[in-house]
Number of protein chains: 4
Amino acid sequence: MDVKSDQSTEQQIIEVAEKLFMEKGFALTSTTEIARKVGCNQALVHYYFRTKEKLFESIFERKAQLMLSAILKMDDPTQPFEERLRKLVENHFDIMVENPQLPFLFLNELLTNPKRLELLTQKFQMLPLTLMERFANDLQNEIDKGRIRNVTPISILLTVLSLNLTPFIIRPIFQKMTNTSDELFNVIIQQRKQENILILMRSLMP
Amino acid sequence: MDVKSDQSTEQQIIEVAEKLFMEKGFALTSTTEIARKVGCNQALVHYYFRTKEKLFESIFERKAQLMLSAILKMDDPTQPFEERLRKLVENHFDIMVENPQLPFLFLNELLTNPKRLELLTQKFQMLPLTLMERFANDLQNEIDKGRIRNVTPISILLTVLSLNLTPFIIRPIFQKMTNTSDELFNVIIQQRKQENILILMRSLMP
Amino acid sequence: MDVKSDQSTEQQIIEVAEKLFMEKGFALTSTTEIARKVGCNQALVHYYFRTKEKLFESIFERKAQLMLSAILKMDDPTQPFEERLRKLVENHFDIMVENPQLPFLFLNELLTNPKRLELLTQKFQMLPLTLMERFANDLQNEIDKGRIRNVTPISILLTVLSLNLTPFIIRPIFQKMTNTSDELFNVIIQQRKQENILILMRSLMP
Amino acid sequence: MDVKSDQSTEQQIIEVAEKLFMEKGFALTSTTEIARKVGCNQALVHYYFRTKEKLFESIFERKAQLMLSAILKMDDPTQPFEERLRKLVENHFDIMVENPQLPFLFLNELLTNPKRLELLTQKFQMLPLTLMERFANDLQNEIDKGRIRNVTPISILLTVLSLNLTPFIIRPIFQKMTNTSDELFNVIIQQRKQENILILMRSLMP
DNA sequence: TATGAATGAGTCTTCATTCAT
DNA sequence: TATGAATGAAGACTCATTCAT
């Protein structure tokens with residue numbers, strides 16, 4: 001039951017906690033369980049992170065950072081708009097293939113704990129607005145040129161989010177109800193990525 | 001804080017419980033809090049429902065029934081396929097307009113509590129298979145006639161689910177981060193319904 | 001689950017309570033369970049008997065009375081001492097054949113609840129002392145005549161109690177461990193009665 | 001009320017629990033009371049033993065082991081049968097002099113809690129059958145030689161149990177009703193041991 | 001760095017009892 | 001006579017947290 005001990009105990013705690021938080025959310029994960037799975041004393045979890053809350057935040061923030069920066073840094077202005085959009089969907093999707101449980105964790109915590117939402121809002125509002133603005137500008141440009149139908153940037157983002165998030169969020173439900181193996185699901189998921197791109201592109205046609 | 005109304009205490013308990021369960025999920029809602037909000041003794045909650053679990057189930061099942069039957073009874077075979085699909089999306093969307101927190105409750109419980117997923121799976125498998133089969137047949141028919149591109153029924157359903165569920169699920173996050181009022185959001189939501197139909201229809205074009 | 005309703009509800013409550021008290025003792029029997037088995041409202045139990053304690057006492061006392069009077073009235077001074085002793089053992093044994101769970105109930109309550117012991121002690125001390133005295137006298141007489149070895153009356157009573165009570169008390173344990181059916185046990189019990197008489201008689205030989 | 005001694009708190013909990021379990025049985029003893037008597041937090045009882053059940057079992061099993069092993073190891077085949085029987089009674093009796101409340105605890109739990117009885121039955125059936133068989137053989141041998149009347153081994157064991165257990169079980173009742181001091185009772189008990197041996201021996205005469 | 005011991009607050013649940021009807 | 005509603009007290013148990021070592 002213990003984790004390999006060639007990592008520092010602190011690191012082990014983080015990893016076990018991350019796994020449990022992702023599986024069951026903050027509230028349903030107990031420090032007792034984390035300690036047990038790590039194979040250390042319960043007090044040690046608090047020694048390193050003082051509170052369960054802080055432990056969670058450190059993990060949550062790292063994940064948020066990871067996802068955000070991954071999305072941010074992938075935009076290449078030299079490419080045509082449509083290509084960039086395609087890449088956006090694709091990369092966003094790929095990140096979640098790597099962290100399939102993350103969407104649920106985010107949703108769960110943000111919806112459940114006002115404090116968490118507050119925090120993210122602050123962080124979000126400190127983002128370079130230019131990014132969003134540039135996206136809006138580029139989009140408007142395409143619309144003006146008649147290459148994309150008239151649609152708000154928010155609407156596009158919501159479409160991307162909807163198409164990309166949902167398969168990962170409902171994955172366990174889907175697998176259980178349709179009796180789908182992990183392997184098969186991974187195949188389906190890859191097809192879904194292309195499907196999502198196609199759906200988005202068609203949705204933007206003039 | 002007390003809710004002194006003309007309803008029976010039992011009804012009050014159900015309503016308060018429903019509200020809390022929807023906001024925070026099963027695990028984070030305590031019978032103590034329900035009782036406090038109702039303004040009664042905690043033991044009374046157990047007097048009526050014996051266990052927190054049973055109280056939840058009675059609410060959960062009623063909601064599941066409501067949603068399921070609403071979806072099932074709205075299909076009209078005399079209409080052309082495309083029209084029926086359009087109605088499906090529209091009705092599904094409308095149900096959630098009425099119960100905006102339900103999607104999160106469902107997700108949360110099904111993902112968090114294996115027992116709940118088990119239960120729903122059983123109930124689902126007792127559904128008239130013909131329904132799904134007929135949908136698949138009709139779809140295949142359209143594909144054969146070249147009116148719809150080659151796509152699996154599951155894929156369509158996933159698209160509908162994705163587009164329809166997500167706005168409701170992320171609503172609090174969205175409102176908080178974009179500082180959107182309830183009124184404005186309700187407007188946006190109504191536009192989104194049409195948007196979703198449009199996206200789906202375009203995605204099916206040959 | 002409900003009891004036949006051709007008796008008064010009060011009587012039904014008494015009977016169900018008696019059964020449950022005998023099986024599980026006072027503490028482990030709840031008025032809720034009594035009411036459920038009777039098929040009536042829980043409050044009704046309290047309507048008739050005010051408290052669970054009083055309900056128990058009324059049953060307990062009746063049983064105690066029954067057992068006591070049965071023992072008391074069976075002594076026939078015209079018979080020889082040995083014959084009376086034999087009858088004592090036999091009758092005492094027979095009473096318990098009729099009420100096999102009574103010994104455990106008595107033991108359990110008297111040992112567990114000081115109040116109960118107090119009560120019985122008082123009742124016991126109001127017994128006609130002559131009875132015990134006469135028994136002691138008669139015994140002394142036999143001893144003097146050399147027909148019985150020198151032994152205290154208490155000692156004899158303890159022997160009778162030991163031999164007669166134990167089979168009934170340990171019955172469930174015995175049956176479970178030796179895998180003995182009810183029928184077989186009833187046969188064994190009847191043999192045991194004779195055995196007990198024999199053991200007692202031999203124990204008194206000069 | 002607190003027991004501030006030089007023992008570890010864990011040991012104190014065990015001892016207080018043992019005392020209370022013996023006096024009132026499992027069901028009537030609360031972890032709250034144990035904690036109060038020890039002078040510690042109630043949660044600590046659960047910290048050491050997780051559940052009330054486990055705490056009880058650890059005590060119960062230790063006592064059962066003690067009693068069983070004491071009985072098992074005392075048989076010396078080089079002695080004549082009668083002598084061994086005498087020793088059996090004597091040793092069995094002496095064990096209970098050391099643990100006078102144990103018989104009640106055993107009875108109470110075995111009769112009240114089916115799980116407990118199940119457990120003991122299993123443990124009992126794993127006992128060396130030879131032991132019982134050898135006893136039966138030796139007995140048969142004596143019977144054949146005309147030194148003991150025809151009697152089953154079970155019957156003998158029941159007699160021993162009856163005679164030996166009862167004084168300890170009814171002790172509090174006896175003392176209360178006859179107003180007997182602890183000192184006097186201890187004297188009586190010692191006489192009773194000899195009495196029991198005598199009764200048993202006489203009961204076996206051809 | 002790590003741990004065992006300890007605690008207070010909180011969880012769900014059961015129970016005997018009361019009261020208005 | 002009978003009931004449904006309601007309550008306070010108590011039960012076992014869990015948890016995050018602290019502290020001395």
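Values below: all heavy atoms of this structure, side chains included; hydrogens, waters and symmetry mates excluded. Within every chain, numbering begins at 1; the chains are lettered A, B, ... in the order of the sequence lines, protein sequences first and strands thereafter.
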Can you measure I34(B) atom CD1 to dG10(E) atom C1' for me and round it to whole angstrom units?
15 Å

Closer to the 5' end of DNA chain F via nearest nucleotide, is it T32(D) or Y48(C)?
Y48(C)

Assuming nearest nucleotide by heavy-atom distance, tell me which of T51(B) and T9(D) is located more 5' along DNA chain E.
T9(D)

Rounded to the nearest angstrom, tell me the gap between atom CZ in R36(D) and atom C1' in dA9(F).
14 Å

Over all heavy atoms of both residues, which pair between A27(D) and L28(C) is shortest? Give the atoms and the distance, please.
CB-CD2, 3.7 Å

DNA chain E: 5'-proximal contact among E33(C) and E53(B) (nearest heavy atom):
E53(B)

If you check every side-chain atom of K52(C), which of dC13(F), dT13(E), dA16(E) has the closest atom?
dA16(E)

Among dG8(E), dA16(F), dC12(E), the nucleotide that comes nearest once only the side chain of S30(B) is considered
dC12(E)

Between K54(C) (NZ) and dT18(E) (P), how many Å, whole number?
10 Å

Length of the CZ-P vector between F56(C) and dA16(E), whole Å
13 Å

Between dA12(F), dC12(E), dT3(E), which nucleotide gets closest to the side-chain atoms of A43(A)?
dT3(E)

Find the distance R50(C):CZ to dT17(E):P and express it as a whole number of Å.
10 Å

Spacing of L28(B) atom CG relative to dC12(E) atom C1', expressed in whole Å
15 Å

So, does the side chain of Y47(B) form a donor-acceptor pair with the base of dA6(F) at under 3.5 Å?
no

When you match H46(D) and L44(C) each to their closest nucleotide on DNA chain F, which lands nearer the 5' end?
L44(C)

Length of the line joining F49(D):CZ and dA12(F):C1', which is rounded to integer Å:
16 Å

Looking across every strand, which nucleic acid part, if any, lies under 4.0 Å from Q42(D) by heavy atom: base, sugar-phosphate, or nothing?
base

For F106(A) and A64(A), work out which heavy atoms get closest and say how close.
CZ-CA, 3.6 Å

Please say whether more than 12 non-hydrogen atoms of neighbouring residues, nucleotides or ligands are located less than 6.0 Å from CZ in R50(B).
no

Partner nucleotide, any strand, of dT3(E) [Watson-Crick/G-U, under 3.5 Å]
dA20(F)

Given atom CD1 of I13(B) and atom P of dC12(E), what is their separation to the nearest angstrom?
14 Å

Counting just side-chain N and O atoms, does N41(A) come under 4.0 Å of either OP1 or OP2 of dA2(E)?
no

Please state whether the rings of F26(B) and F56(B) are parallel, tilted or perpendicular, taking 30° and 60° as the class boundaries.
perpendicular

K52(A) (side chain) donor-acceptor with T29(A) (main chain) under 3.5 angstrom:
yes

